[in-house]
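Below you'll find the structure, written out as structure tokens, and then a few comments.
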Amino acid sequence: MEYDFESIEKKWQAYWAKNQTFKVENDSDKPKYYILDMFPYPSGAGLHVGHPLGYIASDIFARYKRHKGYNVLHPQGYDSFGLPAEQYAIETGQHPAKTTKENISRYRVQLDQMGFSFDWSRELRTSSPDFYKWTQWIFLLLFEHYYCKTINKALPITNLISNFEKEGNYFVNAVCSPGTENFTADQWLKFSKVKKEEILLNYRLTYLSNTEVNWCADLGTVLANSEVINGVSERGGYPVTKKKMRQWSMRICAYAERLLSDLDKIDWPDSLKEMQRNWIGKSIGAKVLFQIEGFDQKIEVFTTRPDTLFGVTFMTLAPELDIVKTITHEEQKNEVNNYVEQTQQRSQRERMSDIKSITGVFTGSYVLHPFTGERIPIWIGDYVLADYGTGAVMAVPCGDQRDYDFAKKFNIPIKNIFKGISIDKEAYVNKENTIIDNSDFLTNLNCPDAMSRIIEELENKECGEGTINYRLRDAIFSRQRYWGEPIPIYHKDKLPQPLNLDDLPLKLPDVENYLPTREGFPPLGNAHKWAWDTESRTVVENEKIDNKKVFPLELNTMPVWAGSSWYFYRYMDPYNSDTFVGEKAMNYWQDVDLYLGGSEHATSHLFYSRFWQKFLFDLKLLPVDEYAKKLINQGMILGNSAFIFRKPGTQEYFSKDLLDSVEDYDPIRVDVSLVNLSDELDIDRLRMWQKQFDTAKFKMKNGVFKVGREVEKMSKSKFNVVNPDRICEKYGADTLRMYEMFLGPIEQAKPWNTSGITGVHNFLKKYLRLFYAENRWIVNDKEPNKKELKILHETIKRVSIDIENFSFNTCVSSFMICVNELTSLNCHSREILTPLTLLLSPFAPHLAEEVWEKLGNKTTIVYNSFPEVNESYLVEDTKNYPVSFNGKMRFTINLSLNLDQDAIKKVILEDLRTTEYLQGKTPKKWIIVPNKIINIVF
RNA sequence: GCCUCGGUGGCGGAAUUGGUAGACGCGCUGGAUUCAAAAUCCAGUUCUUUUGGGAGUGUGGGUUCGAUUCCCACCCGAGGUACCA
């Protein structure tokens, strides 16, 4: 029988769909297991071969867990809000809801084609109002809570208000925005309603503040950092500037410590946890207040090295700080303004990356050293970032290389405060075994002692204190976009007012134009019907705004990470209209047992979702404070882009093997589907593909045009997307599934290359030939021999271990070895082939089901048990070779001999006596590694 | 720049705690079968060589009887870097 994968796969996919084979109930006698994939963004390019990598792995594991007797929840959905759909809408005027729906249909067809065992009855979409109703609800919860530092959890804002009424905010230990003023209970009671609201906003877990965005005036929109290249927009090359806007933020910093310490609770990759730790960036040190000479103000700095306080010789501020304007002296004004302007044009990343150019300007002002009273000049420099710490650093050139280089460049004195250490050439950054010098009361102390002493003194003098700083910043939550969840807030007296749960969902209004308004308001500003009637509690036309009962609604929308921060709970109970997840479903499923997704989400989705989880846990809405017990990162699949080479200013293109004869050339990307496996370009199809090649001349060698190749991220814009559809057509889904697993370790990024796919396809054909030959069913009921049983049980053992360790590539190898061996032994025994089929079914489910049925089984393979290893078949027969010798004085001893060391030595010496190697010498040294190798030194 | 990961034949990749580097697959070479091709099967395949051997896991050092594995420095590639998803 030929391997007719097409009809086999169609047959079983239809069977699974018809019987709802993978539908799972919210209760069962079996233990539960929740396997989650990161849901895809449905882009217009369709699913490419990179998407299924993680889905195949999780599907294999889900099928394996079902075999092992678990009630497996394995859902899928779509992260369907996002920028590309909106950009497409701006270009074509099509509503994002329409294109998103079309894209989802295409994705679904492609996903089904690969035979995934998703429970599609639970599908969800973040852009559906039934779903985002609850995203909006969580936003409101965050708005109605603050973070109490005493008991370390979120509490209702009403608690805070009653505290204020009793004792003001002097004794309230809560996380608030910097610069929040202090007040007594009496003062609070006398504050106006507006003032009270303003103060509360400083405590709410989601709040309004002024933050910077990338503004592109020519495109009339805000850009993501990734859309900005060298200070201009990627599309069109228009200038981009920084603009301050009043935006919603999430007080994620309140959870910094818990987000850090709870990493120890979860089985996530160490590298990813390390990234999150560094992202939080906890550092212990002190804040120090410096009085500005001639001003009433102080500058606060954070330092991890307060022990070097007496080495300070200047201070550097971030150029964009407001205080810079205040303190700049008249004669420095021009220089400072120019510098600030220059800084505005550089991105933060540029400023951080550039360590070679040292720039800065003196402001003309001084601060006073808190202990010596010395005048310390205040500079500004773009290596200091406004949103890290306080945006000000005390510069200690002897102890910090950056400060050292700055001081050298601008001839600022460098004071040495380290005993016996030369700082002629570079700063001394070490703090171990270092004694402080020239530092008043710190002189002769070592660094740790100096650290605690100075903090004590700072606190006594009330000009500083020991403190912990985090690099983490609060998360900006506003987007000036159309295609996102509306923020359920209206504005009354310039203050935000929340809607109620009953008012939700607040549905996205229709607009005629998806760009921001002419006045620069977000796209929702184009909606005619976007005002809130507080009486009828409905959305009404903007004309009705009257300052009494109808008010404008919020124009910003939520970021993409909002929906993805909690979606995994909705799968448990996707149709519940009373609550975000029903109690019964929540108690049964609890959390995700295994989460699969890319490490590129390490400090975004995988971080924000932990934050929301902890918040909802504080409110007792969720049973656990970490949602995913185990996480596996799958590596990205890289595309193999194709290039042709154009002579600048001409329409002449050169084949890759002619480049030696060309002086200069521009590489131009062409679609990889126009190139065959030998890198030869189909020029006729290229001309059809893009108009620009109509008049092109192609210089080729021997009648063949070869392209250049480069490996990069698979992306529609790089024309290197490989679609799984064709491979499914040519080789079948089972081959694609096994091949993607065979490509390499699941966590590693790897280039897509189909040249090896025939090997996997041949394996499946070979596997089938164990059952059929020459159109005949050849499975027999012969008792298998020892050798065959050994092969089977070795394979069961290897495959089971490999699946548990997610080592799917070596697992596929084990299958290949097994089938090769059984083939060469001419083994067609039912007793061997039946368990082998079960073993293979997570990888090649369609073929396995087909064979399973032909073997006479009436049930589907899905809920069958998994074969167990019988170790007794694996015992080695060892008598034949006790000692082997490879000529390098190295011996392998088979361990099942179980000899002790002296016995091993005796065996070897006896063996050597008969060889030419010993020649009367006695060994000087023996190295005997149990189970391994023995080296003898003469 | 910073954080995280990776670098092994012509290619994708194997290699328990440091112990015979190159499993398995692709490709290539030769053979069988065939009128021929496809398919299939068998054998070989790190490089080099004077056929004794020598070299070899990005580069340069180090630790060790022994290093792909551990340590130090560097080079190259990928992902993230706070509004792509």
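Numbers restart at 1 for each chain; the letters A, B, ... are given by sequence-line order, proteins then strands. Bear in mind that the values here come from a model prediction, so they are computed numbers and not experimental data. All values below were derived from every heavy atom in this structure, side-chain atoms included, with hydrogens, water molecules and symmetry-related copies excluded.
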In whole Å, measure the gap between the [atom1] atoms of [N] and [M] for me.
N      : M      : atom1 : value
G9(B)  : G22(B) : P     : 14 Å
A43(B) : G62(B) : C1'   : 45 Å
C70(B) : U4(B)  : P     : 16 Å
C41(B) : U46(B) : C1'   : 27 Å
A23(B) : G30(B) : C1'   : 24 Å
U68(B) : U59(B) : P     : 11 Å
U69(B) : G6(B)  : C1'   : 15 Å
G25(B) : A14(B) : C1'   : 11 Å

Quiz item: Is the NZ or CZ atom of Arg737(A) positioned over Phe843(A)'s six-membered ring, under 6.0 angstrom from the centre and within 45° of the axis?
Solution: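 No.
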With the side chain of [X] defined as its heavy atoms from C-beta on, choose the nearest nucleotide among [options].
X         : options                : value
Phe742(A) : C24(B), A82(B), A15(B) : C24(B)
Trp279(A) : C83(B), U40(B), A82(B) : A82(B)
Arg473(A) : A82(B), A78(B), G79(B) : A82(B)
Arg471(A) : A23(B), A85(B), A82(B) : A82(B)
Glu600(A) : C24(B), A14(B), G79(B) : G79(B)
Pro84(A)  : A85(B), A15(B), G13(B) : A85(B)
Ala224(A) : A39(B), C83(B), C3(B)  : C83(B)
Met816(A) : G25(B), G13(B), C83(B) : G25(B)
Gln748(A) : C84(B), A78(B), G6(B)  : G6(B)

[X] near the nucleic acid: base, sugar-phosphate alone, or nothing, with a heavy-atom cut-off under 4.0 Å?
X         : answer
Thr603(A) : sugar-phosphate
Asp354(A) : nothing
Met352(A) : base
Ser814(A) : nothing
Val812(A) : nothing
His601(A) : base
Pro745(A) : sugar-phosphate
Glu747(A) : nothing
Glu212(A) : nothing
Asn633(A) : nothing

Would you say the rings of [Y] and [X] are close, in the sense that their centroids are separated by under 6.0 Å?
X         : Y         : result
Phe131(A) : Trp566(A) : yes
Phe5(A)   : His761(A) : yes
Tyr514(A) : Trp483(A) : no
Tyr3(A)   : Tyr767(A) : no
Tyr383(A) : Phe406(A) : yes
Tyr595(A) : Trp268(A) : no
Tyr567(A) : Phe39(A)  : yes
Trp752(A) : Tyr739(A) : yes

Self-check item: Donor-acceptor contact below 3.5 Å, side chain Lys797(A) vs main chain Glu871(A)
Solution: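 Checking the backbone N and O of Glu871(A) against the side chain of Lys797(A), no donor-acceptor pair under 3.5 Å is found.
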Quiz item: Are any side-chain N or O atoms of Lys242(A) and backbone N or O atoms of Asn214(A), one a donor and one an acceptor, separated by less than 3.5 Å?
Solution: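 Looks like no, no N/O pair under 3.5 Å.
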Practice problem: List for me each residue that meets salt bridge (Lys or Arg N to Asp or Glu O under 4.0 Å) alongside Arg125(A), sequence neighbours excluded, and say none if there are none. | Solution: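 Arg125(A) satisfies salt bridge (Lys or Arg N to Asp or Glu O under 4.0 Å) with Glu123(A) only.
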Quiz item: Will you find, in the side chains of Asp474(A) and Ser249(A), an N or O donor that is under 3.5 Å from an N or O acceptor?
Solution: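 Absent: no donor and acceptor within the cut-off.
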Quiz item: Would Ser357(A) and Asp354(A) count as having a side-chain donor-acceptor pair, cut-off 3.5 Å?
Solution: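 Yes.
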Watson-Crick or G-U wobble mate for [N], both contacts under 3.5 Å:
N      : answer
C41(B) : G31(B)
U46(B) : A55(B)
G66(B) : none
C11(B) : G25(B)
U4(B)  : A78(B)

Report, one pair per line, the protein and nucleotides 26-28 of chain B atoms (nitrogen or oxygen only) whose separation is under 3.5 Å.
unit_1	atom_1	unit_2	atom_2	d
C26(B)	O2'	Ser755(A)	O	2.7

base_contact_polar ([N] base, [X] side chain, donor-acceptor, <3.5 Å):
X         : N      : result
Arg277(A) : C3(B)  : no
Glu86(A)  : C84(B) : no
Glu274(A) : C3(B)  : no

[X] side-chain N/O to [N] phosphate OP1/OP2 under 4.0 Å:
X         : N      : value
Asn225(A) : G80(B) : no
Arg479(A) : C83(B) : yes
Lys766(A) : C41(B) : yes

[X] [atom1] to [N] [atom2]: how many Å, rounded?
X         : N      : atom1 : atom2 : answer
Phe843(A) : G25(B) : CZ    : C1'   : 15 Å
Leu385(A) : U81(B) : CG    : P     : 16 Å
Glu821(A) : A23(B) : CD    : C1'   : 12 Å

Quiz prompt | Syn/anti label of G66(B) as read from its glycosidic torsion, with the cut at 90° from 0 | solution =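 In terms of base orientation relative to the sugar, G66(B) is anti.
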Exercise. Would you classify G52(B) as syn or anti? Syn applies when the glycosidic angle is within 90° of 0.
Key: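 Glycosidic conformation of G52(B): syn.
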Practice problem: List in numerical order all residues of residues 557-565 of chain A for which some heavy atom is under 4.0 Å away from an atom belonging to RNA chain B. | Solution: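 Within this stretch, Val560(A) sit under 4.0 Å of the strand.
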Exercise. Hey, which sits more toward the 5' end of RNA chain B by its nearest nucleotide, Leu272(A) or Asn214(A)?
Key: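 Checking each residue's closest nucleotide, the 5'-ward one belongs to Leu272(A).
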Self-check item: RNA chain B: 5'-proximal contact among Arg402(A) and Asp474(A) (nearest heavy atom)
Solution: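 Looking at the nearest nucleotide for each, Arg402(A) comes out on the 5' side.
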